[in-house]
Amino acid sequence: MTASQLSVLFFLQLAVIIAVCRLVGAFAQRFLGQPQVVGEMIAGVLLGPSILGFAAPGLEAALFPAESKKVLYVGAQLGVGLYMFLVGLTFDKAEFRASARSAAVVAFGSMAAPFAVAALMAPWLLGIEGLFTPRVGTAQAALFLGAAIAITAFPMLARIIHERGIAHTRLGTLSLSSGAIGDAGAWIVVAVVLASLGEGAHIAWLAIGGGLSFAFVMIVIAPRLLAPLAAIHARKGETDMALLGTVLVLFLLSAFAMDAVGIHAVFGGFLLGTAMPRGAFAEEVRAKLEPFTTVFLLPMFFTFSGLNTQLAVVDNLALAMAALAILAASILAKGGACYLAARLSGHDHATAMGIGALMNARGLMELIIINIGLQRGVIEPGLFAILVVMAIVTTLMASPLFEAVYGRKARAEGAIT
């Protein structure tokens, strides 16, 4: 396809993507009690080969030809990165410092148990055709599967926490903090797997060194360097186009830095958001960027992932058994470990259950990791489809389970609104 043909098609794709995501999201909110974002995640699968491609293969092929996926991919990365910047703007740093020890304990538990389970399952799964590519060994399979089970739906977790009204509570901040720490560790493990498969040891070292260096700059140095932005905002009385342009340039450079070292653009956006000055400046930046990001850009990511999901490949008993085992292991290992870690950190039963329910959602970050695994030749379409199902199921579980174990009682007692 020519550039002009891609341009014409892109407008139609976005119209369909946004319309379907809004409709399915509204349905999920009204009839399933799920956040809008969960419906959008399901909408992505509906537009892919598993549903639309099965019901109307000609329409799906015409609407989403292979040549257009690269354009959607770029838009998807922009959307999810900018969304995580907005999440960082609302991150309560004071509460994080107060709960850093608990967050580290929960993050460690949320990684240790999934990797242990993955190590036990890897030899069996390697013997099933359609899961891992032939060049993947037992250790590599265990590490990648462990990262996939351990990952938290960081952007989705943030949106669920915001929609449930617990963004500024200790539980909400602890869950986000633990998710951030654990996801960073999972990304480093993925980088190690890629390096061991011939990408080069420098890939892992670049990810570890670059990620830690960037985090240090954003946590220690950047807040002081960025403080004048609030003063400029106060002097002007608004976030004008020049100031907003400066913020967007900083976001793009941060996303570039994290993508370049092999972590992911979402962490660049999130860490920059946490470093931004708070107050009226942050609130106005968020108000200007959030509607366009969540309504226009983010749905592209869900659709791009859905286009890579082919559920029909899980077509035999061995793959079905593997799917059930991975799903059960994912829920029990991650949720159980987070609960125990929270209890060891001194939290009561209800709070620990709430943390376990929220942290068990995989969603967006799961889709990012398995897309990389599929593109880099680590996993095959069978395991990709299984992990997409796992991501959807665990994310669907998060909100109703949280309400059952914590939310309803906390609202009745006035702890959250």
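In this text, all values refer to a predicted model and were calculated from it rather than measured experimentally. Just the heavy atoms: all of them, side chains too, but no hydrogens, waters or symmetry mates, feed the values below. We count residues from 1, following the sequence as given.
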Out of curiosity, Phe384 CZ to Ile379 CD1, how far, rounded to the nearest 0.5 Å?
6.5 Å
Would you say that Met390 contacts Ser330 through its side chain, given a criterion of any heavy-atom pair below 4.5 Å between the two side chains?
yes
Smallest heavy-atom separation, Ser50 atom then Val45 atom, equals CB-CG1, 4.4 Å
Look at Arg278 together with Glu283 and state whether they make a salt bridge at an N to O cut-off of under 4.0 Å.
no
In this structure, CE of Met321 is separated from CD1 of Ile326 (nearest 0.5 Å) by 11.5 Å
Which heavy atom in Thr309 sits nearest to a heavy atom in Ser305, and how many Å separate them?
OG1-O, 3.0 Å
Thr303 side chain to Met300 main-chain N or O, any donor-acceptor pair under 3.5 Å?
no
For the pair Val285 and Phe85, evaluate side chain to side chain contact (heavy atoms under 4.5 Å, CB included) and give the outcome as yes or no after the intermediate values.
CA-CA 10 Å; Val285 168; Phe85 168 71; 4.1 Å; yes
Give a yes or no on whether the backbone of Met359 and the side-chain of Lys334 come within a donor-acceptor separation of less than 3.5 Å.
yes
Residues Ile355 and Ser175: closest non-hydrogen pair is CG1-OG, 3.9 Å
Provide the closest heavy-atom pair for Asp259 versus Ala265 in the form atom of the first, atom of the second, distance.
OD1-N, 3.4 Å
Say you draw a straight line from OG1 of Thr395 to CE of Met41; how long is it, rounded to the nearest 0.5 Å?
4.0 Å
List the atom of Pro49, the atom of Gly306, and the distance in Å for their closest heavy-atom pair.
CD-O, 3.4 Å
CD1 of Ile17 to CG of Leu12, rounded to nearest 0.5 Å, is 9.5 Å
Does Glu60 use its side chain to pair, donor to acceptor, with the backbone of Ile51 at less than 3.5 Å?
no
Under 30°, 30 to 60°, or over 60°: which ring-plane class applies to Phe402 and Tyr406, parallel, tilted or perpendicular?
tilted
Verify, without hydrogens or angle tests, whether Glu366 (side chain) and Ala391 (backbone) share a donor-acceptor contact under 3.5 angstrom.
no
Give, for atom CZ of Phe132 and atom CG of Leu125, the distance between the pair rounded to the nearest 0.5 Å.
6.0 Å
State the CG-OG1 distance between Leu126 and Thr133, to the nearest 0.5 angstrom.
9.5 Å
Atom of Met397, atom of Ile331 and distance for their closest heavy-atom approach:
SD-CD1, 3.6 Å
Side-chain donor/acceptor of Glu40 to backbone N/O of Val24, under 3.5 Å
no
Tell me whether Arg362 contacts the main-chain N or O of Ile149 through its side chain, where contact means a donor paired with an acceptor under 3.5 Å.
yes
Main chain of Leu396, side chain of Gln34: is a donor-acceptor contact present, judged purely on distance under 3.5 Å?
yes
Using 30° and 60° as the class boundaries, would you call the ring planes of Phe281 and His233 parallel, tilted or perpendicular?
perpendicular
